[in-house]
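Below you'll find the structure, written out as structure tokens, and then a few comments.
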Amino acid sequence: MRRTTTSRPPIALDHCQVTRLHPVPPFHFDATVHKPSHFPSSDNHHEPGKYWQSVRFLDRHLGVKLENRGQTDSPEIKLSVYSNEPLRSGEVDRVASELDYRFDLHTDLSSFYAELGDDPLLGPVFARWRGMRVKACQSLYEFLVIATVLQNATVRRSVQMMENLFHQYGTRIRFDGRELACFWDPEALAAVEEAELRALKVGYRARALSLICRAFASHELDEMQMRTMPADELRKRLLGLYGVGPASVWYIMFEVFHHYDEVETVSPWEQKIYSRLLFGQESVSREDIVAEVTRRWGRWRMLALHYLFEDIFWKRKTQTVDWLEPLIRL
DNA sequence: CATCAGGGCCCTG
DNA sequence: CAGGGCCCTGAT
């Protein structure tokens, strides 16, 4: 009988080192670290001004805590890195620099606001979320797992699949008084039979999960190198992975690799939401959506859509958005 | 009880 | 290039 990793007590990350991150202003802490449109996951936790996240990095299980210590125009983040043994010199810096990339802290968005600030849709949104960044605090491999459990599933089912995977293959970590799940390595899954994955109710996705982790375990893919690839080449690489189609590629191009103009496709769910946001209609064709955002926002089109999208989901937290509710299938 | 669609993707003809 | 099948779940 397989002993699940999470049946063990959590790893205590009792060592902590503190450093600072300095985002390029303007910077909006909460809208960057927390994306209300994303499904909840036990690898992170957000409270206003604070964010906890597990990170599998440098072959370690780490806990990171980000705290807002600045203002929009003079931003500063206190970063606490928790580990089970003291980190070697330089390791905290490597974590800081990786987070800098994953939270997109070094991008200068001033021309984005300058060029699009007069847009009637974006103007009010900028007023609320100026300084918001794209964020994917997962590695490419980890994000591919998320993209896979999103496929053809309602929110509840995606959450269930993700938590089943964390329970079976992840590691519980404990730091700063919180317990979170931490991702497994692709190597750990590479040895697992598809049938075992299917038992976690991931269905046909078992094959994709299995083949994707092998692509990483065998080092066919190099995330760091992919960060510098031209968009066309990158897209082709991603599409070549089994179980990765246009919808997953779209999320990854934008969220993981920060291609702000990536709107090659619009999947059905987003299509309905953008139709409302852009045209006030129930269903506008994807071609019309792509044409409109390209004409209107050019090289910033996906970042602009991200602002509109998260804005409506933030709004939903405090008030009812009657047209949005039926679109969110729990 | 049966049927269906859901925040896709692969494979076939 | 269109369309069927795929896993599972909750809604009808």
Side-chain angles (χ1 to χ4, degrees), chain A residues 34-41 134-136 138 140-169 189 192-215 221 234-256 262-278 282-287 289-290 293 302 305-317 321 323-330:
Chain A
H34 179 65
K35 301 297 178 185
S37 77
H38 290 187
F39 71 78
S41 165
V134 196
K135 161 227 164 183
Q138 288 84 17
L140 172 60
Y141 167 69
E142 293 161 358
F143 198 98
L144 279 160
V145 173
I146 295 169
T148 304
V149 303
L150 278 172
Q151 290 171 18
N152 213 28
T154 53
V155 175
R156 191 195 312 275
R157 196 151 131 61
S158 295
V159 170
Q160 182 205 43
M161 288 188 272
M162 199 61 240
E163 295 306 316
N164 285 351
L165 288 164
F166 272 135
H167 182 77
Q168 185 76 4
Y169 305 111
L189 224 56
V192 167
E193 295 290 331
E194 258 182 63
E196 187 181 315
L197 286 169
R198 275 176 182 265
L200 302 179
K201 303 180 188 296
V202 300
Y204 67 90
R205 301 168 194 81
R207 182 156 178 73
L209 289 171
S210 194
L211 291 173
I212 289 170
C213 71
R214 281 177 214 166
L221 296 177
L234 181 55
R235 206 179 289 122
K236 219 173 290 171
R237 259 342 262 285
L238 293 167
L239 267 176
L241 290 166
Y242 185 92
V244 177
S248 302
V249 167
W250 182 30
Y251 297 148
I252 292 167
M253 289 294 286
F254 177 62
E255 295 191 46
V256 177
E262 181 78 12
V263 195
E264 296 288 298
T265 184
V266 180
S267 28
W269 189 61
E270 283 84 349
Q271 184 187 357
K272 291 177 197 155
I273 294 174
Y274 294 149
S275 296
R276 283 286 188 170
L277 293 172
L278 293 169
E282 271 193 31
S283 183
V284 176
S285 77
R286 58 188 60 194
E287 293 76 19
I289 293 174
V290 173
V293 300
M302 188 56 222
L305 283 175
H306 178 66
Y307 269 70
L308 291 181
F309 202 78
E310 294 305 323
D311 179 62
I312 200 73
F313 277 87
W314 276 107
K315 188 173 176 185
R316 176 173 176 263
K317 282 181 173 245
V321 182
W323 61 263
L324 184 57
E325 291 314 313
L327 295 181
I328 298 172
R329 307 248 182 230
L330 296 177

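Just so it is clear: chains get the letters A, B, ... in the order the sequence lines come, proteins before strands, and each one is counted from 1.
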Query raised in the report: Is there a side-chain contact (heavy atoms from CB on, under 4.5 Å) between Phe254(A) and Leu305(A) once you walk through the steps?
Result: CA-CA 11 Å; Phe254(A) 177 62; Leu305(A) 283 175; over 6 Å; no
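- We find that Lys35(A) and Glu255(A) are not joined by a salt bridge, their nearest charged nitrogen and carboxylate oxygen being 4.0 Å or further apart.
- Both Ala153(A) and Gly243(A) sit near DNA chain B, but only Ala153(A) has its closest nucleotide nearer the 5' end.
- With values rounded to the nearest 0.5 angstrom, Leu150(A) atom CG is found 9.0 Å from His38(A) atom NE2.
- Across all strands, Leu241(A) comes closer than 4.0 Å only to sugar-phosphate atoms, never to a base (heavy-atom distances).
- In this structure, the CD atom of Glu163(A) is 19 Å from the P atom of dC8(C), given to the nearest Å.
- Atom name P, nucleotides dC7(C) and dC1(B): the rounded distance is 24 Å, in whole Å.
- Between Glu194(A) and Arg207(A) there is a salt bridge, with a side-chain nitrogen of the basic residue lying less than 4.0 Å from a carboxylate oxygen of the acidic one.
- Protein atom OH of Tyr204(A) is 13 Å distant from nucleotide atom C1' of dT9(C), rounded to whole Å.
- The two atoms that bring Glu163(A) and Ser41(A) nearest to each other are OE2-CA, 3.7 Å, heavy atoms only.
- Among the atoms of the strands shown, base atoms are found under 4.0 Å from some heavy atom of Ser37(A).
- Within the 4.0 Å cut-off from OP1 or OP2 of dT9(C), at least one side-chain nitrogen or oxygen of Gln160(A) is found.
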Query raised in the report: How does DNA chain C read in dot-bracket, base by base from 5' to 3', with Watson-Crick or G-U pairs under 3.5 Å and | used when the partner is on another strand?
Result: ||||||.|||||
Requested in this report: Apply the test side-chain contact (heavy atoms from CB on, under 4.5 Å) to residues Ile289(A) and Val263(A): give CA-CA distance (whole Å), side-chain angles for both, the deciding distance (0.1 Å), then the verdict.
Outcome: CA-CA 9 Å; Ile289(A) 293 174; Val263(A) 195; 5.6 Å; no
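- Once you apply a 4.0 Å limit to the heavy atoms of chain A, the touched nucleotides of DNA chain B run 5' to 3' over dG6(B) to dC11(B).
- Here the two rings, on Trp269(A) and Tyr251(A), have centers that are 6.0 Å apart or farther.
- For the pair Arg198(A) and Arg156(A), both in contact range of DNA chain C, the more 5′-proximal nearest nucleotide belongs to Arg198(A).
- In Glu325(A), the CD atom is crowded: over 12 heavy atoms of neighbouring residues, nucleotides or ligands sit closer than 6.0 Å.
- Residue Val244(A) is in sugar-phosphate contact alone, with no base atom involved, counting any heavy-atom pair closer than 4.0 Å across all strands shown.
- Separation of atoms NZ (Lys272(A)) and CG (Leu277(A)) is listed at 14.0 Å; rounding is to 0.5 Å.
- Comparing the C1' positions of dG7(B) and dC1(C) gives an interatomic distance of 24 Å, to the nearest angstrom.
- At a threshold of 4.0 angstrom between heavy atoms, the contacts of Ser248(A) are confined to the sugar-phosphate backbone, with no base atom among them.
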